Amino acid sequence: MTIRITNHKSLLVLLFILASWITFTVFQNSTKLWTVLKLPISLHHRNFIMKSCPAAPLDPAVSPTETELRIKGIKEKLDQLIPPRPFTNVSSTTSATHSKATLLSPRDTYCRGDQLDVLLEVRDHLGRRKEYGGDFLRARMSSPTLKAGASGKVTDFNNGTYLVSFTLFWEGRVSLSVLLILPSEGVSALWRARNQGYDRVIFTGQFANGTSHVNTDCALVLNSSAELCEYLDSRDQEAFYCVKPPHIPCAALTHMHSKNKAVSYLSKQERSLFERSNVGIEMMKKFGAITVSKCNTEKTAPMKKKCKFGMASTIPSGHVWKDTWNPVSCSLAPIEMKECLRGKFIHLMGDSTIRQWIEYFKSSIKTLKSVDLHESGKFQKQFAVDLDKNIKIQWQKHSYPLVVSLAYSVKEIEYIARVIDRTGGGKSTIIVISLGQHFRPFPINVFLRRALSIHDAVQRLLLRSPDTVVIIKAENIREMHTDVERFSDFHGYIQYLAIKDIFQDLNVSIIDAWDITIAYGTNNVHPPQSVVRNQINILLNFIC
């Protein structure tokens, strides 16, 4: 009897141990299993190029593996958008001179509000009709005496023909233009070259060493056998590297500057496509200006609603008239800036094109006073306050890469996603983000990773503070002939498409600086104050 009781107790102990082990094993693996099950769901909404998509999952946790898959998915769709084009010699590439532009349904009288269509048939330098598309074109209409301009819409039929559509927004003498920025063969070469390497720009890091300093090479990727300092954001897997100076800790890095390296991933023949004489060539030289009349005197245009946060954009998104931006889908009201900004905290994050905004605010609001944050250089953080109206405006640069020849401080440099995670948000908080120009010389993966990390930080912010206003300022166009391999607007246009797609599932608004600067015809990375004023007026209409 005693033996039976003992055996029974032993069996219970064994069963208890077995049950405990099973529970422990299931608990340990549950997180991994849940991540695997969730992965396809969180990837589902990443459809590229203006496709509608369901809302992102509420769980903000993003594993490095998921981020890599998201980047890969967008990159593959971009590759489909920019297929490889054959390139044997310059004579087989698109020629602006030999291409033919035909006005469809020409009229004696053109009326304001009409659409004017041009069929463009592209040919090579030998006059042969091309059988594929992919040329990087820019369409614009303008009336310089009226200080008026607007972009045109280009439809690529992928067979060597394009439809260029202009909306005749204003009355008067109007000039039409279609520029061949780059032939399709140049586009294909630039895309291939961009994604081949990180070393077109070399960074120099300055490390403090007592009363002196030591300089070493730095980069997004460093192929070096020397000991490296790794500056890693482990959550978003963003990293920057410097060669470690002997006997100096990595934490002693204080400043950075950069310069272009004599590195090209283009062949000599391909580089000829980007010479000044081949970039930005007019394809409608034979077209004279047209006259647009009011025509329908009895027909009045419907009243447009005031522009508000979250309104959908169109192509083109608006036009300039008398140096003032007029959106297509809504009306911009005149806003008293100082009163609109009362009680607001404006966070401006990104590059120097958004730094122009804080400089404009300071010049326009005389009571806005700069606070000395004891930094130095052009890229120092800026902070301005109006104590009477309780207005706070701050600008800070985004983290690496920053392509700047002058040394800038990196003591307080941080990724925008981290800054957003620290921001409490709320109805008085406005965040405006602009990035892109400094990413153009590097593989597109760098830009996509940064945009996705910011997207996820904004998603987390809107979960905890849904009344926060978040605005993305798109890139400006820039100089057409400056260092095309590194800084071509083609790179900017691809980033512009990507940023609109990445943020389309969040409650954010985009200020379409790309279309605005085309309409103005600025061709300057830092457009004049009149352009900045109109960009800021859109912001004021969104928040007041």
Side-chain angles (χ1 to χ4, degrees), residues 64 68 71 190 192-266 271 350-352 375-381 396-418 435-450 453 482-488 491 495 525:
E68 293 299 333
I71 292 170
L190 270 192
R192 188 202 72 247
R194 176 176 185 175
N195 294 301
Q196 279 190 248
Y198 296 78
D199 52 352
R200 293 177 192 81
V201 177
I202 185 65
F203 296 86
T204 301
Q206 186 180 108
F207 289 77
N209 184 24
T211 57
S212 62
H213 62 263
V214 176
N215 292 336
T216 72
D217 286 347
C218 303
L220 289 161
V221 173
L222 263 180
N223 296 318
S224 173
S225 58
E227 184 180 359
L228 300 180
C229 291
E230 180 186 57
Y231 303 97
L232 174 69
D233 184 311
S234 56
R235 185 192 65 194
D236 294 325
Q237 291 296 294
E238 300 207 60
F240 195 75
Y241 301 89
C242 291
V243 173
K244 186 181 182 302
H247 314 300
I248 298 176
C250 294
L253 178 65
T254 62
H255 290 80
M256 191 75 62
H257 70 272
S258 70
K259 65 178 181 179
N260 297 338
K261 279 186 73 175
V263 171
S264 174
Y265 293 98
L266 298 168
R271 285 197 294 274
D351 56 32
S352 56
E375 290 188 28
S376 60
K378 190 71 173 174
F379 270 72
Q380 62 180 301
K381 184 186 291 185
Q396 66 185 99
K397 57 185 176 286
H398 63 68
S399 191
Y400 314 112
L402 281 168
V403 182
V404 185
S405 59
L406 298 174
Y408 55 90
S409 172
V410 298
K411 294 176 184 177
E412 297 181 8
I413 199 167
E414 55 186 333
Y415 292 101
I416 289 176
R418 291 296 189 182
L435 72 160
Q437 297 285 348
H438 294 264
F439 291 80
R440 293 186 182 191
F442 305 100
I444 192 67
N445 288 18
V446 178
F447 177 78
L448 296 178
R449 184 182 299 278
R450 185 65 51 84
S453 69
T482 303
D483 202 347
V484 175
E485 183 173 354
R486 290 180 181 85
F487 294 108
S488 169
H491 299 317
Q495 293 174 172
V525 67

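None of these values were measured; they are calculated from a predicted model.
- Scanning all heavy atoms of the two residues, the minimum distance from Pro443 to Gly197 falls at CD-O, 3.3 Å.
- Remark: side-chain polar atoms of Arg440 are not paired, donor with acceptor, to backbone N or O of His491 under 3.5 angstrom.
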- Could you go step by step and tell me if Val403 and Phe487 meet the side chain to side chain contact (heavy atoms under 4.5 Å, CB included) rule? CA-CA 11 Å; Val403 182; Phe487 294 108; 4.1 Å; yes

- Message: ring-ring contact (aromatic ring centres under 6.0 Å, His included) for His398 and His438? Distances and angles first, verdict last.
- Response: CA-CA 10 Å; His398 63 68; His438 294 264; 5.5 Å; yes

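- Distance alone, capped at 3.5 Å, is enough to place a donor-acceptor pair between the Thr254 side chain and the Gln206 backbone.
- Looking only at distances, a side-chain donor or acceptor of Tyr408 sits under 3.5 Å from a matching main-chain atom of Leu402.
- Although no hydrogens or angles enter the test, the distance criterion places no donor-acceptor pair under 3.5 Å between the side chain of Thr216 and the main chain of Pro245.
- Here the straight-line distance linking atom NE2 of His257 with atom OG of Ser405 works out to 8.5 Å at 0.5 Å rounding.
- Here Arg418 contributes atom CZ and Arg235 contributes atom CZ; the two are 4.0 Å apart, rounded to the nearest 0.5 Å.
- Nearest heavy atom pair, residue Phe379 against residue Ser352, reads CZ-CB, 4.4 Å.
- With rounding to the nearest 0.5 angstrom, the CG atom of Leu253 is 4.0 Å from the OH atom of Tyr231.
- Using modelled atom types, one side-chain atom of Ser258 and one backbone atom of Val404 make a donor-acceptor pair closer than 3.5 Å.
- Looking at every heavy atom in both residues, Ala193 comes nearest to Leu266 through CB-CD2, 3.8 Å.
- In this structure a side-chain-to-backbone donor-acceptor pair under 3.5 Å is missing from Arg450 to Gly436.
- Atom OG of Ser409 sits about 10.0 Å away from atom NZ of Lys381, to the nearest 0.5 Å.
- Judged by distance alone, with hydrogens and angles left aside, the side-chain atoms of Arg200 form no donor-acceptor pair with the main-chain N or O of Arg486 at under 3.5 Å.
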- Item | Worked check of ring-ring contact (aromatic ring centres under 6.0 Å, His included) between Phe240 and Phe203 | CA-CA 10 Å; Phe240 195 75; Phe203 296 86; 5.4 Å; yes

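- A side-chain donor-acceptor contact under 3.5 Å links Arg194 to the backbone of Phe442.
- Separating the CZ atom in Arg449 from the CZ atom in Phe439 is a distance of 12.0 Å, to the nearest 0.5 Å.
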- Evaluate the criterion side chain to side chain contact (heavy atoms under 4.5 Å, CB included) for residue pair Ser224 and Asp217; output intermediate values, then yes/no. CA-CA 10 Å; Ser224 173; Asp217 286 347; over 6 Å; no

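- With 2.5 angstrom as the limit on SG-SG distance, Cys250 and Cys229 come in below it.
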